[in-house]
Every structure is written in C-alpha cells, then in structure tokens.
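A short worksheet on the structure shown next.
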Amino acid sequence: MIYKPIESFSGGYKMTIVEQVKQQLKEEIKAAVIRAGLAAPEQVPDVVLEVPKDKAHGDFAANMAMQLARIAHKAPRKIAEELVAALDKKKGHIRQIAIAGPGFINFFLDNAYLTDLIPTILNAGSDYGASQAGAGKKVLVEFVSANPTGNLHLGHARGAAVGDTLHKLLNKAGYHADAEYYINDGGNQITNLAVSLEARYRQQLGEEAEIPADGYHGKDIIALAKQLVGQYGSTLKEKPDDERLRFFRNFGVEHLMREIRKDLSDFRVVFDNWYSERSLYETHKVEAALDTLKKKGETYEKDNALWLKTTEYGDDKDRVLVKTDGSYTYFTPDISYHKDKFDRGYDQLIDVFGADHHGYVPRLKAAMQSLGYDPDRLTVEIIQLVNLFKDGEKVKMSKRTGKAVTMRELMDDVGVDAARYFFAMRSSDSHLDFDLDLAVSHSNENPVYYVQYAYARITSMLKRAQDFEPAEGEETDLSTLTGEKEIDLLKKLGNFPQVVAESAANLAIQHIPSYLFDLASSLHSFYNAEKVLDETNIPLSKARIALMKAVRITLKNGMDLIGIHAPEKM
RNA sequence: GUCCAAGUAGCUCAGCUGGAUAGAGCAACGGCCUUCUAAGCCGUGGGUCCAGGGUUCGAAUCCCUGCUUGGGCACCA
C-alpha cells in the first residue's frame with residue numbers, strides 16, 4: 001500500500017463530533033499510560049481504538065494493555081487495571097469502562113453527543129463525507145485506456161466502474177485527483193484496424209477480402225464498414241494506397257473513440273482528460289524520454305535493436321524499446337507518457353489495468369526507476385477478469401472472435417445502477433462471476449435495490465412530513481433520539497467520512513457499497529420498529545425527521561461515489 | 001518450467017492492513033402488511049477460513065513449503 005491512513009485531520013477541515021471524541025479518547029489513553037508509569041512517552045504505541053463487533057463490548061475498545069505487555073513486562077489484564085485507574089473519565093464522554101477478554105478495555109460512552117452530527121450533516125449536504133485525509137496530494141488515475149479498435153466490453157466496464165469510483169473517492173477524501181484516458185491511436189494496432197476495416201468494407205461491396213490473422217474480427221468493425229458504404233459508396237477504393245490507409249485509420253479511430261466516449265458517459269464515467277498517444281510523437285516527447293534513458297546509460301544496442309536494462313530493477317528480462325525495423329514497441333511511448341504524467345506535477349500515479357496486463361507492471365515500474373523516479377509513486381491496480389454467466393453457462397470473452405459481451409449490451413440488459421453496484425461491491429483484485437440473470441432480475445436478490453429502496457423510503461416519508469416541519473427559527477430538540485436503533489444510525493452516519501478516507505487510502509472501493517448496505521440495513525430496521533411521523537408525539541417526530549434527512553444525505557453521497565442513482569420512489 | 005493473484009457457509013463474496021464467539025447476500029426453514037413503500041423487518045439452521053509448519057500474549061490476516069484454480073512470461077498491444 002502506498003497511502004497510510006491518516007489518524008487525525010487538521011487544517012481547515014472540521015472534524016465531525018465522532019472523530020473529535022475518538023481523538024480525545026486516544027489522547028486520554030496515551031496520557032493515562034504515561035501517568036500510570038506503564039511506559040515512557042516515546043515508548044507508547046499508537047493508540048488503536050476499534051469499534052467492537054459485539055455491542056456488549058462497548059462503543060470503542062482499546063487493545064493498549066496487550067500492546068504494552070512486552071514493554072511493561074506485566075500481564076495484560078493487570079496493565080489494563082492500572083491504565084483504567086489512571087484514566088480521567090470526565091474526558092471523552094466516558095460513561096463506563098470495562099476490562100474484558102485477554103485485556104481489552106471497553107469504553108461505554110454517553111452517546112448524547114452523537115446528535116450533534118445531524119446539524120453537521122444537514123449543513124454539509126453533498127459535502128458530507130469529505131475530509132482532508134489526502135492533504136491535497138496530486139493523483140492521476142488512468143483507466144480503461146482501451147485501444148480504439150473496437151467497442152468496450154465487459155472487462156472495460158469493470159475497469160471503468162473501479163477507476164471512476166476511485167477518482168471520485170480520492171477527491172472526496174481530500175486528494176486532488178484527475179481521471180485520464182490514454183488513447184492508443186499511434187501504434188501498430190491502428191494499422192491492423194485500418195486493414196481490417198478496409199477488408200470489411202470490401203466485403204460489403206461484394207468483394208473477396210481477407211481479414212489478417214492479427215486483425216480485428218468484431219461485429220463493431222462490420223457495422224463501421226456498412227456506415228462507410230452508406231457514406232462513400234465504393235469511391236474509397238479509388239484512393240491511392242497510403243491515402244486510403246490513412247483514411248481508414250482516421251475514420252476508424254475517430255468513430256470508435258466516439259462510441260467509446262458515448263459508452264463511458266452513459267455509464268456515468270467522467271474523465272478530466274483524454275490523452276492521445278499520437279500527441280506524444282507530435283511533441284517529440286517519445287524521443288525526449290528515449291534520450292533521457294540513453295544519457296543515463298540505461299539502454300544498450302543488441303541485435304540491431306535498442307534495449308532498456310529493466311532487469312537492473314527487478315524485471316525478468318530486458319525489454320526492447322526500438323525494434324530492428326526502427327519502430328517503437330508499445331512500451332516506448334508508454335514510458336514517455338508516464339514521464340509526462342510526472343512532468344505535469346502528479347505526486348502519485350494510479351494505473352488501472354486488466355489482469356491480462358499484469359505481467360507488464362514490473363517493466364513499467366522498472367522504467368520509472370530508470371528515469372529516476374521512486375517506483376512507489378506508481379500504483380497499478382489490477383482488475384481481475386470478469387466471468388459472465390448466462391443461463392448458468394460461462395460466456396468466454398474474446399475480442400478476436402468478436403463474441404465479447406459489450407459494455408453497451410451490459411448497460412442495456414442490466415442497467416447502469418446494477419452493473420456499477422456489482423462492480424463496486426467486490427474488491428477489484430478478485431475474480432468476479434457476473435450472473436447476468438441475477439443482475440437483470442428486479443427482485444430482492446439484487447442488492448442495489450436494497451440501498452436504493454432505503455433512499456426511496458425516506459424520500460417518501462419526507463414528502464408526507466410537511467405538517468411536522470419546524471417553524472421559522474425553531475430549533476429541533478434532538479435529545480430525544482436515544483433509542484437503540486437511533487443511536488445505531490447516528491454512529492453509522494458519523495463513520496462515513498472515515499470510511500471514505502480509509503477506502504481512498506487503501507484504494508478499496510468495495511467498502512463503500514458495504515457501508516451503504518449496512519446503513520440501509522439500519523434504516524430498514526429502524527423503519528420497521530419505530531414510527532417517524534407520529535401525530536401523538538410531535539417533538540420526537542421532528543427529531544426523527546431530522547435524522548431521516550441526515551441518513552438520506554449520507555446515502556445519496558455514498559451512491560454518488562459509486563455512480564448509482566438515488567431514486568425518489570420505487 | 002517460472003512469475004503474479006486468488007483459495008473463507010450449498011452458491012457469490014466481505015473481513016476495516018494481527019484482536020474477543022469468522023460475517024453478509026442468495027438458497028433452506030418459521031413468523032410479521034386494516035398503521036409513514038413487504039424491493040422491507042424479526043428469528044432458525046449452516047464453517048477443517050485449501051493443507052502443513054513458523055513468528056507471538058493472540059493468525060482467516062504476517063513468513064516458509066506444498067496442493068488447486070486463474071492470469072502473465074513477444075522486437076503484440
């Protein structure tokens with residue numbers, strides 16, 4: 001992991017009450033350790049406070065006594081007793097302390113402070129959840145970057161969902177993140193595209209034409225060829241060879257990129273920048289990067305080719321930069337592209353790659369080192385393959401045979417919400433079995449509806465809540481929110497900024513769907529147990545309405561991060 | 001062969017960077033709609049955390065070995 005979760009936030013950002021209380025508690029524990037003489041100030045380990053799974057273990061639990069066992073040379077439970085005796089219970093809203101298990105110190109807090117969260121959330125609105133954990137670090141997230149040689153397919157969709165969410169998550173957590181798509185419009189594959197397209201074009205005109213073995217066989221190319229016939233008839237055949245090739249290249253790239261952009265934008269994926277490989281050549285950045293490597297003595301010539309000494313930085317073998325025919329490998333412009341990212345001032349680069357490219361990572365990292373950069377400034381997120389199941393059968397994806405399920409089909413079949421939720425809910429480094437039949441089903445088997453339903457439910461309640469609206473200037477008394485399910489909701493609301501921050505720091509987007517599911521679950525449980533709009537208890541109803549508004553905002557903010565809609569009604 | 005991931009309930013997966021009795025959803029079973037949306041709630045059953053060692057107060061989590069699965073191993077992109 002590159003990023004360390006940041007314990008306390010500072011600067012202009014105002015901590016939520018939960019963070020403040022936790023912070024106070026940590027400081028008090030540390031102070032007590034020193035007061036009790038259990039360890040010297042510089043010996044005290046970082047205070048770890050966790051929320052126990054079991055409510056019987058309090059609101060927070062500290063494992064400090066176990067951590068100190070070695071330093072203090074005492075039994076953990078004995079240490080815990082001495083530590084508790086030294087604690088100032090007036091600090092940190094402590095109501096009760098218990099020592100349990102091997103030496104856990106369980107804190108039971110006076111949870112009245114939690115209601116302060118509600119005005120905080122209502123005021124923050126769509127900003128709730130934001131923090132400055134990332135301290136403005138400049139990050140570039142590059143993802144999808146599919147070659148413009150066909151339509152996007154299922155694998156790209158997962159990469160798009162992950163990359164887009166990472167991008168938004170990082171920004172929410174106080175990083176300065178940009179999203180970028182690298183357009184491979186310069187290499188050999190574009191020539192293959194042109195040749196394949198021309199073959200399809202000629203076939204449309206009734207000619208015999210073979211698609212080269214390493215060409216593109218997809219039906220998207222056929223569709224493009226039909227379009228050409230409609231637009232130009234057979235006139236393209238008359239053009240001289242190189243002009244014709246250039247035409248097919250440009251036409252293919254332009255049209256396929258247009259479709260790619262449309263697919264991505266319909267999938268609610270936003271890029272700040274589209275970076276053309278060709279532009280690297282036009283601005284001579286490829287030569288410049290090559291020169292830098294040569295001057296640093298990182299290259300050598302062998303067998304009429306130019307090699308980069310990547311083995312010096314842990315790669316399996318050295319890699320060719322300039323082939324015997326004088327052309328570049330894919331690697332070469334990509335090195336200059338990554339150099340350019342650093343030159344543009346990014347502190348950290350994140351590349352989202354498909355699993356089939358993971359062998360490329362060591363060489364790319366090695367190249368960064370050759371250029372003099374710390375390889376840890378490049379993080380590669382590997383997106384594992386998606387296996388699609390339809391009618392209980394595995395659908396094998398292959399671009400070559402053109403049988404791939406496209407991103408467009410995915411959107412049409414299962415919808416953007418379900419697709420994006422499915423992709424976001426699993427950690428990206430695990431294989432994903434995508435059951436089309438399940439995702440299509442508009443039933444409770446589909447977890448996305450569970451979260452959306454919570455939002456719709458609240459919205460529906462709030463529409464009926466006009467009679468309970470407080471008068472102008474009237475303060476809602478929130479101190480009545482003391483029920484178990486209300487406290488549970490408040491605690492979860494308070495966790496949101498930290499969930500976002502940690503999820504961003506660990507590049508672990510799956511925590512967001514999991515948090516949303518959890519919050520929705522608390523909401524549903526509360527909803528079934530308590531009546532929000534109760535004419536017989538107006539003050540309590542007002543407080544609960546405020547709580548519902550806070551939950552609604554938090555749900556919405558979380559759903560925004562993973563790119564799913566928050567429906568007003570279902 | 002070698003490198004990189006992954007292996008947790010019948011199925012699909014979490015497990016917060018080492019903590020207390022390993023959790024969800026689906027599937028199975030039993031309850032809850034004259035009351036703010038039942039796409040919901042409440043409850044029951046379900047485990048050799050792949051196997052074996054090691055590290056320590058403590059391991060699903062970290063290290064080593066093996067097994068299984070997927071992927072990579074181009075002067076392709």
Side-chain angles (χ1 to χ4, degrees), chain A residues 1 4-5 48 50-54 56-57 61 63 65-67 69-70 75-77 100-104 106 147 149 184 187-190 192 214 302-307 316-317 319-325 327-331 334 354-362 382 384-385 387 389 422 425-427 429-435 438 442-454 456-465 495 498-499 502-503 505-506 508 510-511 513-515 517-518 520-521 523-534 541 544 548 569-570:
Chain A
M1 285 318 141
K4 290 271 179 245
V48 178
E50 60 175 23
V51 179
K53 288 170 215 156
D54 188 341
H57 295 140
N63 63 353
M66 278 101 85
Q67 289 185 298
R70 222 168 321 165
R77 286 195 70 107
F104 285 101
N106 294 333
N147 294 340
T149 53
N184 294 115
N188 208 15
Q189 76 280 4
I190 300 302
N192 280 338
D214 54 353
K302 193 184 89 181
D303 305 333
N304 266 328
L306 186 72
W307 298 69
D316 290 340
K317 53 183 82 164
R319 305 291 172 174
V320 171
L321 294 173
V322 184
K323 300 187 239 177
T324 43
D325 68 1
S327 68
Y328 297 132
T329 58
Y330 174 83
F331 191 31
D334 204 27
D356 53 341
H357 285 78
H358 86 249
Y360 184 69
V361 177
I382 297 296
Q384 283 300 336
L385 296 176
N387 289 320
F389 286 81
F422 264 67
M425 75 194 262
R426 307 280 164 74
S427 78
D429 60 3
S430 73
H431 302 254
L432 174 60
D433 284 347
F434 197 107
D435 185 340
L438 180 79
H442 285 249
S443 74
N444 58 350
E445 291 170 24
N446 209 329
V448 64
Y449 297 119
Y450 187 84
V451 174
Q452 292 183 316
Y453 187 50
R457 263 190 159 166
I458 295 173
T459 307
S460 165
M461 274 190 282
L462 293 180
K463 275 182 190 152
R464 294 166 169 267
N495 287 339
Q498 198 164 345
V499 169
E502 285 181 2
S503 186
N506 295 321
Q510 71 274 17
H511 293 158
S514 137
Y515 172 83
F517 194 89
D518 200 31
S521 169
L523 184 275
H524 289 310
S525 177
F526 166 75
Y527 179 92
N528 274 273
E530 311 286 353
K531 202 162 159 60
V532 174
L533 307 175
D534 180 2
S541 295
R544 283 179 170 169
M548 288 303 101
K569 61 179 175 191
M570 290 174 73

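Every chain is numbered from 1, with letters handed out A, B, ... down the list of sequences.
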Applying the 3.5 Å cut-off to both distances, the Watson-Crick or G-U partner of B/rA28 turns out to be B/rU44
Syn or anti for B/rU55 (syn when the glycosidic angle lies within 90° of 0): anti
May I ask you to verify if any side-chain N or O of A/Thr329 is less than 4.0 angstrom from the OP1 or OP2 atom of B/rA74? no
From the list B/rA20, B/rU37, B/rG72, which nucleotide is the closest neighbour of the side chain of A/Asp356? B/rG72
Atom OG1 in A/Thr459, atom CE in A/Met570: separation rounded to 0.5 Å? 11.0 Å
Of the candidates B/rG70, B/rG40, B/rC57, the side chain of A/Met66 sits closest to B/rC57
Over all strands shown, is A/His57 touching base, sugar-phosphate only, or nothing at heavy-atom distances under 4.0 angstrom? base
Of A/Pro102 and A/Asp325, whose nearest nucleotide on RNA chain B comes first from the 5' end? A/Pro102
Expressed in angstrom and rounded to an integer, what is the separation of A/Tyr515 atom OH from B/rC13 atom C1'? 21 Å
Using whole Å, what does the distance between atom C1' of nucleotide B/rA74 and atom CZ of A/Arg319 come to? 8 Å
Classify the nucleic acid contact of A/Asn106 as base, sugar-phosphate or nothing, counting any heavy atom under 4.0 Å across all strands shown. base
Please determine whether a side-chain nitrogen or oxygen atom of A/Tyr453 lies at a distance below 4.0 Å from atom OP1 or OP2 of B/rA39. yes
Just how far, in rounded Å, is P of B/rC41 from NZ of A/Lys531? 19 Å
Base, sugar-phosphate, or nothing for A/His358, non-hydrogen atoms under 4.0 angstrom? base
Under the salt bridge (Lys or Arg N to Asp or Glu O under 4.0 Å) test, which residues partner A/Asp429, sequence neighbours left out? none
Inter-nucleotide C1' distance (B/rG18, B/rG54), Å rounded: 15 Å
Is it the case that atom NZ in A/Lys569 sees more than 12 heavy atoms from other parts of the structure closer than 6.0 Å? no
Look at all strands and tell whether A/Asn63 reaches a base, only sugar-phosphate, or nothing, counting heavy atoms closer than 4.0 Å. base
Protein-nucleotide distance (A/Leu432, atom CG; B/rA6, atom P), rounded to Å: 15 Å
So A/Tyr527, base contact, sugar-phosphate only, or nothing? Heavy-atom distance under 4.0 Å. base
Check every strand shown and say whether A/Tyr450 touches a base, only sugar-phosphate, or nothing at a heavy-atom separation below 4.0 Å. sugar-phosphate
Touch check for A/Ser525, heavy atoms < 4.0 angstrom, all strands: base, sugar-phosphate only, or nothing? sugar-phosphate
Under 4.0 angstrom, heavy atoms only, what part of the nucleic acid is A/Lys569 near: base, sugar-phosphate, or nothing? base
Minimum-distance nucleotide to A/Arg464 side chain [options: B/rC13, B/rG40, B/rC36]: B/rC36
So what's B/rA59 paired with, Watson-Crick or G-U wobble, going by both distances under 3.5 Å? none
Now, which nucleotide makes the Watson-Crick or G-U wobble pair with B/rC49, with each of the two distances under 3.5 Å? none
Rounded distance (nearest 0.5 Å) linking atom CG of A/Leu523 with atom OH of A/Tyr453: 10.5 Å
Residue matched to B/rG1 through Watson-Crick or wobble contacts both under 3.5 angstrom: B/rC73
Side-chain N or O of A/Arg77 versus OP1/OP2 of B/rC57: is the shortest distance under 4.0 Å? no
Ignoring the backbone of A/Lys317, work out which of B/rG15, B/rU37, B/rA74 is nearest its side chain. B/rA74
Below 4.0 angstrom from OP1 or OP2 of B/rG71, is there any side-chain N or O of A/His357? no
Please tell me which of A/Asp429 and A/Val51 maps to the more 5' nucleotide of RNA chain B, matching each residue to the nucleotide holding its nearest heavy atom. A/Asp429
A/Lys323 side-chain N/O to B/rC76 phosphate OP1/OP2 under 4.0 Å: yes
Using purine N1 to pyrimidine N3 plus N6-O4 or O6-N4 for Watson-Crick, or N1-O2 and O6-N3 for G-U wobble, both under 3.5 Å, which nucleotide pairs with B/rA9? none
Indicate whether OP1 or OP2 belonging to B/rC36 is found under 4.0 Å from a side-chain N or O atom of A/Arg544. no
Answer with base, sugar-phosphate or nothing: what part of the nucleic acid does A/Ala100 contact at a heavy-atom distance below 4.0 Å? base
Report the distance from atom CZ of A/Phe517 to atom C1' of B/rA14, rounded to the nearest whole Å. 11 Å
To the nearest angstrom, how far is A/Leu533 atom CG from B/rC36 atom C1'? 5 Å
Between A/Arg457 and A/His524, do the side chains contain a donor N or O and an acceptor N or O under 3.5 Å apart? yes
Using OP1 and OP2 only, check whether a side-chain N or O of A/Gln67 sits under 4.0 Å from B/rG58. no
Classify the ring geometry of A/Phe422 against A/Phe434: parallel below 30°, tilted from 30° to 60°, perpendicular beyond 60°. tilted
So, is B/rC49 syn or anti if syn means the angle is within 90° of 0? anti
What residues, two or more places apart in sequence or in another chain, satisfy salt bridge (Lys or Arg N to Asp or Glu O under 4.0 Å) together with A/Arg544? A/Glu486, A/Glu530
When all nucleic acid strands are considered with a 4.0 Å heavy-atom cut-off, which category describes A/Ser521: base, sugar-phosphate, or nothing? nothing
Could you check which of B/rC13, B/rC75, B/rG15 has an atom nearest any side-chain atom of A/Val320? B/rC75
Can you check whether A/Ser514 has a side-chain N or O nearer than 4.0 Å to OP1 or OP2 of B/rC13? no
Taking A/Thr324 for its side chain and A/Asn304 for its backbone only, find out whether a donor-acceptor pair lies under 3.5 Å. no
Give one of base, sugar-phosphate or nothing for A/Ala75, where a contact means two heavy atoms less than 4.0 Å apart. nothing
Remember a base hit wins even if backbone is also touched, and classify A/Asp303 as base, sugar-phosphate or nothing at under 4.0 Å, heavy atoms. base
Would you mind classifying the nucleic acid contact of A/Ala305 as base, sugar-phosphate or nothing, using non-hydrogen atoms under 4.0 angstrom? base
So what does A/Ser460 hit on the nucleic acid, given a heavy-atom distance under 4.0 Å: a base, only sugar-phosphate, or nothing? base
I need the CD-C1' distance between A/Glu530 and B/rC42, as an integer number of Å. 14 Å
Between B/rA59 and B/rG53 - P atom distance, rounded Å: 14 Å
In whole Å, what separates the C1' atom of B/rC62 from that of B/rC41? 41 Å
Nucleotide nearest A/Arg457 when distance is taken to its side chain, options B/rA20, B/rA14, B/rG40: B/rG40
Rounded to the nearest angstrom, tell me the gap between atom CD in A/Gln384 and atom P in B/rA14. 11 Å
Could you tell me how far B/rC16 sits from B/rC33 if I compare only their P atoms? Round to whole Å. 40 Å
Side-chain contact test, heavy atoms from C-beta onward, threshold under 4.5 Å: evaluate it for A/Gln384 versus A/Ser430 and give yes or no. no
Quick check against the 3.5 Å criterion: does A/Trp307 have a side-chain atom that pairs as donor or acceptor with the backbone of A/Lys302? yes
